[in-house]
Number of protein chains: 2
Amino acid sequence: MNKDLEMMSNRCATCNETYCVSKISLFSHLDREDMETVIRKIHRQSYQKGEFLFQAGDAAERLWIVNEGSIKVFTYTPEGKEQILYLLSSGDFLGDLNLFKKNAYPYYAAALEPTRLCTLTRENFQEILREVPDISEKVLTYAYDRITNLEELVQTVTSKNIGKRIAKLLIHFLEHFGLERNGVLEITFPVSREDMANYLGLTRETVSRQLSQFQSEGIIDMKGNRQILIRNRKALEDHTL
Amino acid sequence: MNKDLEMMSNRCATCNETYCVSKISLFSHLDREDMETVIRKIHRQSYQKGEFLFQAGDAAERLWIVNEGSIKVFTYTPEGKEQILYLLSSGDFLGDLNLFKKNAYPYYAAALEPTRLCTLTRENFQEILREVPDISEKVLTYAYDRITNLEELVQTVTSKNIGKRIAKLLIHFLEHFGLERNGVLEITFPVSREDMANYLGLTRETVSRQLSQFQSEGIIDMKGNRQILIRNRKALEDHTL
DNA sequence: TGGTCGCTGTGATTGGAATCACGTTATCAT
DNA sequence: ATGATAACGTGATTCCAATCACAGCGACCA
């Protein structure tokens, strides 16, 4: 498989696009020929921290695939506060279902850090669906996962237990951004405290206080603003129950 | 079209199944032949108020279509409180995406009133998908709608503004259960105050108080426990902004 | 039709997150 | 390295929904 990948001809100037395509599960199961079909249709784009991929109201006409970096998808409440709906990182994608209906995005998307994306236009995506029919089944599977995640998010944000909500978010980050260094679990956050608050429907201060609480319980250890060491994963998971 | 429907042979003992099939939009666009294919595969079931369609953990192996009545889909919080995720009424369906993965329901479903349902087994549904391929595109469209609704629900429940959340729920009920009588909009609720609270992540008392508030503002008029007259729809909609 | 039981409305109290305020710390550009 | 600037932590206070308690009403059954 790796050999096949290495034999491919069309490589990207800024990244190795074979990696870009093969790491997103929507396409990762494809054989060499199908994958090349996909690769030839892909466009690449880079965004700096804070830059917008699109705004609410923009016409939805491409599939966005996060290659490297991370993205927040959000709306604004009438009071002007952000409500984050999705936090996407490497391998996640966005805008798939919007391609089936001609419509406008109902939310904003912005890069949380320097981010590289692969994109497919509606036309190219639909060509791929025709040429590789079992991808549409994959899309359905992902729609199902997304629904499941949203159902869980509803249960999380309606929970009155703040500690639980934040513990769940930490576990989520651990799974997406965590790595083990010298036997210690370490998370490097793509988001600020305020972003966390905006995802959970809380305030910055409440998040800070709960993290301090976890620290005083010996569960975590904050190193600067963007790093947390998990000292006691079990205890953290117990908080999510 | 109606003539076609009337010519159909297989009718249900307890209901007119042609109606059952033609009123759900998943199948309503089918021609006579395809619709008959579907009708022959459908089973029918009735549930009394409070009866469970399934419990969390049960194997998901059928598509449920609400013919008449209404259904709540919910989980329990660790504290034992219900969290309602979906309120379904005539024409809505449930369990579609679960049929693509062999898995268990992650929640409970129960009838809110005497309810009649049409069901399809996984095998029959998959036969239909093979025989009428454009239904799978419809399923995707509905998955998209469901995601949109859940995204809105997240924004609703994270809103600190209780009045807004309840106003949105009333508008939702108005669209699903409302009818105009003598020029007055009237909602007959399928749910108790407590159910409303469990859907919005609030308490019964808070819902009661907000409804009283709307009544004192002249926006609504409560008639018994299960009926509300909408006196000023515009004002109610303004509350949702 | 009356009686019962569950559902509902509302007051009093409590609790906990939002808000306000400000000092401290991290981060980034130069 | 250093200063500027944004992000963060934390105390004091406020506000509002949860909780507790109970009376009134409604739905439903005998």
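We use all heavy atoms of the structure for the numbers below, so side chains are in, but hydrogens, waters and symmetry mates are not. Because the structure is predicted, anything quoted here is derived from the model rather than measured.
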Base versus backbone protein contacts along nucleotides 17-30 of chain C [heavy-atom cut-off under 4.0 Å; B, S, -]: SSBBB----SS---
Between P of dA18(D) and CZ of Arg193(B), the distance in whole Å: 16 Å
Tyr76(B) and Phe74(B) aromatic ring geometry - parallel, tilted or perpendicular at 30°/60° bounds: perpendicular
For Arg209(A), side-chain contact (heavy atoms from CB on, under 4.5 Å) partners two or more places apart: Glu205(A)
Separation of dG9(D) C1' from Ile166(A) CD1 (nearest whole Å): 14 Å
Sequence-distant partners of Gln213(A), side-chain contact (heavy atoms from CB on, under 4.5 Å), two or more places apart: Gln210(A), Ser216(A), Glu217(A)
Euclidean distance, atom CG of residue Leu211(B) to atom P of dT8(C) [Å, nearest integer]: 10 Å
Protein-nucleotide distance (Glu82(A), atom CD; dA7(D), atom P), rounded to Å: 11 Å
Whole angstrom value for the distance that separates P of dG9(C) from CG of Asp221(B): 13 Å
Whole-Å distance separating the CG atom of Leu200(B) from the P atom of dA18(D): 11 Å
Tyr86(A) vs Glu151(B), side-chain hydrogen bond (donor to acceptor under 3.5 Å, both in side chains): CA-CA, chis, key distance, verdict: CA-CA 10 Å; Tyr86(A) 304 103; Glu151(B) 285 170 352; 2.5 Å; yes
Residue pairs fulfilling side-chain hydrogen bond (donor to acceptor under 3.5 Å, both in side chains) with at least one residue in residues 184-202 of chain B, sequence neighbours excluded: Lys72(B)-Asp195(B), Arg181(B)-Glu186(B), Glu186(B)-Gln227(B), Thr188(B)-Gln227(B), Ser192(B)-Asp195(B)
Set of salt bridge (Lys or Arg N to Asp or Glu O under 4.0 Å) partners for Arg204(A), sequence neighbours left out: none
Between dA7(D) (P) and Ile228(A) (CD1): distance, integer Å: 17 Å
Determine all donor-acceptor pairs shorter than 3.5 Å in which one atom belongs to a side chain in residues 229-238 of chain B; sequence neighbours excluded.
{"from": "Arg231(B)", "atom 1": "NE", "to": "Asp221(B)", "atom 2": "OD2", "distance (Å)": "3.1"}
{"from": "Arg231(B)", "atom 1": "NH2", "to": "Asp221(B)", "atom 2": "OD2", "distance (Å)": "3.1"}
{"from": "Asn232(B)", "atom 1": "OD1", "to": "Lys234(B)", "atom 2": "N", "distance (Å)": "3.4"}
{"from": "Asn232(B)", "atom 1": "OD1", "to": "Ala235(B)", "atom 2": "N", "distance (Å)": "3.0"}
{"from": "Arg233(B)", "atom 1": "NE", "to": "Glu237(B)", "atom 2": "OE2", "distance (Å)": "2.9"}
{"from": "Arg233(B)", "atom 1": "NH2", "to": "Glu237(B)", "atom 2": "OE2", "distance (Å)": "3.4"}
{"from": "Lys234(B)", "atom 1": "NZ", "to": "Asp238(B)", "atom 2": "OD1", "distance (Å)": "3.1"}
{"from": "Lys234(B)", "atom 1": "NZ", "to": "Asp238(B)", "atom 2": "OD2", "distance (Å)": "3.1"}

Sugar-phosphate only, base, or nothing, as touched by Ser212(A) at under 4.0 Å among non-hydrogen atoms: sugar-phosphate
Angle of first-five versus last-five pair axes in the helix from dT1(C)-dA30(D) to dT30(C)-dA1(D), to 10 degrees: 60°
Please list every donor-acceptor pair under 3.5 Å in which a side-chain atom of residues 49-59 of chain B meets a protein atom from a residue at least two apart or in another chain.
{"from": "Glu51(B)", "atom 1": "OE1", "to": "Gln48(B)", "atom 2": "N", "distance (Å)": "2.7"}
{"from": "Asp58(B)", "atom 1": "OD2", "to": "Gln55(B)", "atom 2": "N", "distance (Å)": "2.9"}

Pairs meeting criterion side-chain hydrogen bond (donor to acceptor under 3.5 Å, both in side chains) with involvement of residues 156-175 of chain B, two or more places apart: Gln83(A)-Thr158(B)
Value in whole Å for how far the C1' atom of dA27(D) lies from CE of Met222(B): 18 Å
